[in-house]
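First the structure, in the form of structure tokens, and then the observations on it.
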Amino acid sequence: MKYTNESNQIRWGNAIQNNYGVPTISLARGKGAVVWDVNGNRYLDFLGGIATSILGHAHPAIITAVSDQIQELSHVSNLYMHEPVLRLAERLTSFTGEESARAFFCNSGAEANEAAIKLSRLTGRTRIIAMAGAFHGRTIGALSITGQEAKRAPFSPLLKDVKFAEYGSISSLKRLISKKSAMVIVEPIQGENGIVVPPPGYLQEVRALCDKHGTLLCIDAVQTGMGRTGEWFGYEHSGIIPDIITLAKGLGGGLPLGAMISVTKNSPSFSVGDHGSTFGGNPVSCAAGLAAISVIEKKFLLDRVKKIAALIKSELSILPGVVEVRGEGLLLGIVLADEISSAVVSQAAANGLLLNAAKPGVVRIAPALIVTDSQVREFVTKFSRSLATIRERGSQ
Ligand code: PLP
């Protein structure tokens, strides 16, 4: 039997929980920044598995790394050492520039933040300050520090001792922080909240406030990490050094992998028995992550990301109906004059371009870091056409 986008919707509805709704497109294969659905339609993938598939689909370096690794050693648990986890930990901790940095590996962003929450308890303090609008994951701990009421409300009571400051406002944080605060957690750019960029100097001031109160500063770089913003970790543009970093998404080069890194000497460290994860740091995901890092380095993708971002910003910000293109590197929010992002995203899919409606008036793009110049041109053409179609329809 040949499955189609339409027949797979029925299968999904009959077998999978409805937490994502029922998607309309059923993907079959991909190559680089292009994917094909089961009906044979081609799409330019400018969402990259929500900022995750940093080298796109079927990258030869990932295929080789994963195939070689799985033939050698697949899963062993953390009762044993192996080369990929050691090497990846060495690379990541060296990127922080701090000799005291130590990694804990898990499988997702939510788990990385759970680890950070637990680590912060080792200070002897329990209070956490997170940001309104923030997204840190869906598990109970990560949800407790997620500043989006609609996601939290059905699952209360959540963790106590969490307060939300206004994102980007130092005066708001000042009102909440005290010597009883264990940790402040903040995204360098709020991804799920619609690519919200804080004012210049914000992270430096957050760092100074945390220093003043002996409070840990955790940067959630799950969405902004692994080169996406043109630096390894999204906070680096600010020059600060966080006490803790959380990572996932691009970390595994498209495979499931998360990490919590205690960076500075201010941060406590886990002792034997404090925390764990069966799959965390498994050889195959770590091998894929190492391959991704190596390609980013060899192809100078951090510089390229910055150049592509500048090009996209200049091309899109002059389009009628676009107010602003905000964000850093290849994590960009196209702010529209009207709340039509869902319609634009559907129209773009019909035109063979995958995007995401992060907010009613904001379209998010987070393509693979390996997008080619011609794919960037194709994106600009298809996006402009999709936006124009929806605006014309609205004016009729
Ligand atoms: N933190 C941030 C900043 C995120 O954007 C996300 C996911 O979108 C998460 C944490 C949660 O990651 P995961 O879905 O892997 O649990």
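Indexing begins at 1, ligand by ligand and atom by atom, following the structure's order.
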Checklist line | Neighbouring protein residues of ligand 1 - any heavy atom closer than 4.0 Å | finding: Ser108, Gly109, Ala110, Asn113, Phe135, His136, Gly137, Glu187, Glu192, Asp220, Val222, Gln223, Lys249
Next item on the list: Verify the distance criterion only: is there a donor paired with an acceptor across the side chains of His136 and Asp220 at less than 3.5 Å?
Entry: yes
Notebook entry, point to check: Would you find a donor on one side and an acceptor on the other, under 3.5 Å apart, between the side chain of Arg152 and the backbone of Ser144?
Noted result: yes
Margin query: Under a 3.5 Å cutoff, is there a donor and acceptor pairing between the side chains of Asp37 and Ser26?
Written below: no
Item checked: Any donor-acceptor N/O pair, His213 side chain to Thr215 backbone, under 3.5 Å -> no
Next item on the list: Taking the six-membered ring for Trp and the full ring for Phe, Tyr or His, determine whether the centres of Phe279 and Phe105 are under 6.0 Å apart.
Entry: no
Next item on the list: Could you state whether Ile241 and Val186 fall into the same hydrophobic cluster, counting links through intermediate Ile, Leu, Val, Met, Phe, Trp or Tyr residues with side-chain heavy atoms under 4.5 angstrom apart?
Entry: yes
